[in-house]
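In what follows, a single structure is set out as structure tokens and then discussed.
The residues of the chain are indexed from 1 along the displayed sequence.
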Amino acid sequence: MAVAQTDIAVTSARQTKLRMAQILLLAAVALAIARPILPDFLIRVPEWAVLPYDVWLQALFDFIKDDLGLIYLTRGIAAGLEYLLDLTANLLYGKRRWPNFDPIPWTAIAGVAAVIGYWLGGWRMAALAGGTFVWVALIGQWKLAMQTMSVIVVAAPVAFLLGLVLGIFAWKSARFERFLMPVLSILQTLPFFTYLLPAVIFFKVGPTAGCVATIIYAIPPMVLMTSLGLKKVSPEVVEAGNMAGSTRWQMLRHVYLPAARTEILVGVNQVIMLCLAMVVLTAFIGMPGLGAKLLSLMNSLKLGRSFEIGITIVLIAVTLDRLSKAWVVKQPEHFERGATWLTRHKTLVTGFAVFVGFIIVAQFVQVADHITRDQELSMGKEIDTVIRTALANDTVTGITDWLRWFLITWVLIPFRDGLLWLPTSTVVLAIAAAGYAVGGRKSALLVGGFFAVIALTGWWDRSIITLYAVISAVILAVLIGIPLGIAAARNPKWAEPILLACDTMQTFPSFIYLIPAIMLFSVNDVAVVFAILIFATVPLTRYTIEGMRAVPPELIEAADMAGATRQQKLMKVQLPLALPTMAVGFNQAIMFAFFMVIIAAFIGTQDLGQELQKTLAGNDLGKNFVLGMCVALMALTFDHIIMRWSNERRKALGLG
């Protein structure tokens with residue numbers, strides 16, 4: 001009886017939420033229909049009502065920076081980081097700083113990478129790791145790649161240590177965790193331009209600012225994975241440690257951290273990949289390396305050389321990703337009692353021998369030390385010619401020209417103008433209706449409040465243009481990613497290659513997606529949407545496959561026994577049960593799209609990304625943070641609605 005009453009109460013609450021959501025949605029539609037007679041303040045927030053967030057934030061930053069003296073602390077930290085960056089720069093590509101050694105020969109680095117690859121994953125991993133660095137040297141991009149790597153080898157360990165410590169504190173203190181988690185959510189949704197300007201102001205232009213921005217950007221997943229791993233340590237393991245009389249430090253060092261090893265190493269993988277992604281983007285604030293060169297070449301539309309550098313970035317990303325993932329699954333080695341030091345450390349000895357051997361060879365063989373311009377195998381000009389010839393093909397130009405015309409004329413511009421035509425009050429009420437439908441009054445107030453704050457910043461139209469690009473790309477990504485995921489899930493032969501392609505594409509730094517967009521569609525809204533589309537399709541495909549695979553086999557068997565057709569099984573059984581997992585992919589696609597739309601400002605947009613990019617030319621921190629806040633609030637709105645719906649759906653299906 002009690003269970004039945006509970007079910008009735010839950011059903012009644014859901015009906016009430018849906019009824020209220022419908023009322024809010026009808027009010028939004030009514031306001032849109034009545035737009036011609038609406039007072040101006042319901043169409044757009046009047047200028048006198050716009051709150052000067054930028055002035056307030058600028059005053060706050062100036063107070064913290066100058067009056068509290070934070071600038072002196074950050075410059076002190078910058079000096080320490082600069083020392084480390086000079087050290088790695090000197091060793092990797094010969095920047096004349098302490099210890100003033102000649103740079104390490106490329107053959108020594110490639111050889112050590114191959115040894116590490118073999119230790120982690122055998123000959124295939126050794127070939128990937130060593131081969132990547134051989135490619136970088138032979139293609140003539142060694143110095144550029146080492147400029148990038150010199151920052152990563154400083155930023156990644158620092159981000160790892162800070163994330164580990166914060167994750168431990170979050171695990172130990174529920175109060176600290178409640179404070180930290182919203183901060184991490186905001187950091188993960190802020191556009192990357194919002195990281196760059198404060199880094200420049202507090203830490204100076206160049207590698208130091210790029211390193212700081214990279215560290216801050218990479219910390220959140222390390223914190224989350226450390227906290228998650230420590231929470232999952234089994235009580236039996238903890239009890240065994242306590243029975244052994246371990247102190248609190250010993251429990252942490254010898255029990256908790258080893259037991260959480262897998263989650264912590266997953267965090268390390270994420271840190272490394274985010275560091276590579278961000279250090280490429282710091283080209284916008286004077287960070288030398290592959291990102292800066294790619295930015296320069298794309299500006300001048302040298303697509304062949306851009307393609308080569310894109311391959312280099314992808315190879316480095318794939319290598320670092322595969323090595324760190326192999327480290328996650330590799331179990332610690334155990335040796336028999338009495339094993340010699342050489343036996344226990346054979347990989348270390350082999351790596352040292354290879355390193356020293358190649359350094360000696362490099363003293364006598366110039367090619368083993370460095371590749372000169374005459375010796376490099378770059379084919380940038382030839383690739384550029386091939387690309388331009390291919391793109392000049394009548395069939396290709398006919399298809400791309402027609403697609404560009406059709407999408408701009410009949411889809412994108414009408415959709416953008418339609419969103420801009422809607423009154424602000426309509427959009428806020430519609431968003432609140434979605435919030436009410438999934439989470440009731442609190443969710444409605446939260447997400448409606450997010451969009452109301454955006455309206456009060458005075459950047460409403462730019463925010464809507466940003467939203468239009470995101471929604472357009474995600475809708476197209478859904479039309480591609482979900483059917484592809486369904487087809488792969490229903491045909492095991494397709495699943496593994498498609499998942500491998502998804503894994504590989506997720507390692508690509510986001511800049512790479514701009515290259516095919518520019519190649520095919522030049523610089524316009526279609527190129528922007530196409531770049532976002534490629535980036536956003538990956539999580540939709542992956543989570544559709546995972547969701548379909550997670551459907552219990554007994555339910556599919558029951559559908560077969562009931563005589564359901566293939567289509568009926570899909571629509572009545574598999575998709576309804578897979579939807580909560582697919583919603584996670586949809587959420588990630590939207591987060592990726594908000595990230596990518598800011599990068600797409602590079603190829604010409606009229607959205608918040610373009611304005612954010614302009615702030616890097618000055619020191620207007622207030623405006624920079626207001627623009628970043630608008631992007632973050634839109635992203636958080638969709639994140640809240642989708643994840644709340646997913647969780648509710650899981651509960652309704654009894655999936656937890």
Side-chain angles (χ1 to χ4, degrees), residues 61 64-65 70-89 92 146-170 180-181 183-227 264-292 316-317 320-321 324 509-510 595 598 616 621 624-625 628 632:
F61 291 133
I64 293 172
K65 177 170 70 79
L70 183 63
I71 188 72
Y72 303 109
L73 173 63
T74 56
R75 290 297 162 87
I77 295 171
L81 279 176
E82 196 168 358
Y83 172 82
L84 292 174
L85 290 168
D86 283 344
L87 172 63
T88 56
L92 291 178
M146 291 304 104
Q147 286 173 337
T148 298
M149 292 299 295
S150 69
V151 176
I152 291 176
V153 297
V154 173
V158 173
F160 161 72
L161 289 173
L162 290 175
L164 184 69
V165 171
L166 289 172
I168 291 170
F169 279 125
L180 188 62
M181 291 306 146
V183 175
L184 295 180
S185 296
I186 292 169
L187 287 176
Q188 288 183 306
T189 53
L190 280 174
F192 75 94
F193 278 133
T194 307
Y195 290 87
L196 300 185
L197 187 57
V200 168
I201 291 173
F202 286 105
F203 296 94
K204 300 185 293 185
V205 173
T208 308
C211 185
V212 170
T214 301
I215 289 168
I216 296 171
Y217 186 69
I219 282 176
M222 190 68 225
V223 177
L224 295 170
M225 292 311 300
T226 300
S227 177
I264 290 172
L265 290 180
V266 169
V268 171
N269 168 259
Q270 292 299 301
V271 164
I272 292 171
M273 299 314 296
L274 289 177
C275 281
L276 178 60
M278 190 63 175
V279 81
V280 171
L281 297 173
T282 53
F284 284 101
I285 54 171
M287 172 68 211
L290 293 168
I316 292 174
L320 294 177
D321 181 59
S324 54
S510 46
F595 178 81
I598 302 303
L616 296 182
L621 262 176
N624 179 276
F625 264 73

Query raised in the report: Taking all non-hydrogen atoms of both residues, which atom of Leu196 and which atom of Phe284 are closest, and how far apart?
Result: CD1-CB, 4.1 Å

Query raised in the report: Which heavy atom of Val271 sits nearest a heavy atom of Met222, and at what distance?
Result: CG2-CB, 3.6 Å

**Report entry** Ile264 side chain reached by Phe160 side chain, heavy atoms, under 4.5 Å
**Finding:** yes

Requested in this report: Hey, could you give me the CD1/CG distance between Ile201 and Leu621, rounded to the nearest 0.5 Å?
Outcome: 3.5 Å

**Report entry** Partners passing ring pair (Phe, Tyr, Trp, His ring centres under 6.0 Å) against Tyr195 (at least two apart in sequence or in another chain)
**Finding:** Tyr217

Report task. Determine yes or no for a side-chain-to-main-chain donor-acceptor pair under 3.5 angstrom, with Ser324 supplying the side chain and Asn269 the backbone. Result -> no

Report task. Return the minimal non-hydrogen interatomic distance between Ile285 and Gly210, and the atom names on each side. Result -> CD1-N, 4.0 Å

Query - Test ring pair (Phe, Tyr, Trp, His ring centres under 6.0 Å) applied to Phe625 - qualifying residues, sequence neighbours left out - result: Phe61

Requested in this report: Quick one: closest heavy-atom pair of Ala292 and Ala283, and the distance?
Outcome: N-CB, 3.3 Å

**Report entry** Contacts of Pro220 that satisfy side chain to side chain contact (heavy atoms under 4.5 Å, CB included) - sequence neighbours left out
**Finding:** Leu184, Leu187, Gln188

Report task. Determine, stepwise, if the pair Ile168 / Val165 fulfils side-chain contact (heavy atoms from CB on, under 4.5 Å). Result -> CA-CA 5 Å; Ile168 291 170; Val165 171; 5.7 Å; no

Query - Nearest heavy atoms of Leu290 and Thr148, plus distance in Å - result: N-OG1, 3.0 Å

Report summary line: Taking every heavy atom of Ser150 against every heavy atom of Leu85, the minimum-distance pair comes out as O-CD2, 3.8 Å

Query raised in the report: Quick one: are Gln147 and Leu92 in side-chain contact, heavy atoms under 4.5 Å?
Result: no

Requested in this report: In sequence, state the C-alpha distance, the side-chain angles, and the governing distance for Ile77 and Leu73, and then conclude on side-chain contact (heavy atoms from CB on, under 4.5 Å).
Outcome: CA-CA 6 Å; Ile77 295 171; Leu73 173 63; 4.2 Å; yes

Query raised in the report: Mind checking whether Met287 and Thr214 have side chains closer than 4.5 Å, heavy atoms only?
Result: no

Report summary line: Residues at least two apart in sequence or cross-chain that pass side chain to side chain contact (heavy atoms under 4.5 Å, CB included) with Ala632, listed by chain then number, are Thr189, Leu190

Query raised in the report: Residues in side chain to side chain contact (heavy atoms under 4.5 Å, CB included) with Glu82, at least two apart?
Result: Asp86, Lys204, Thr208

**Report entry** Atom pair CE (Met225) and CG (Leu265), whose distance is rounded to the nearest 0.5 Å
**Finding:** 10.0 Å

Report task. With sequence neighbours excluded, tell me which residues meet side chain to side chain donor-acceptor pair (under 3.5 Å) with Thr74. Result -> none

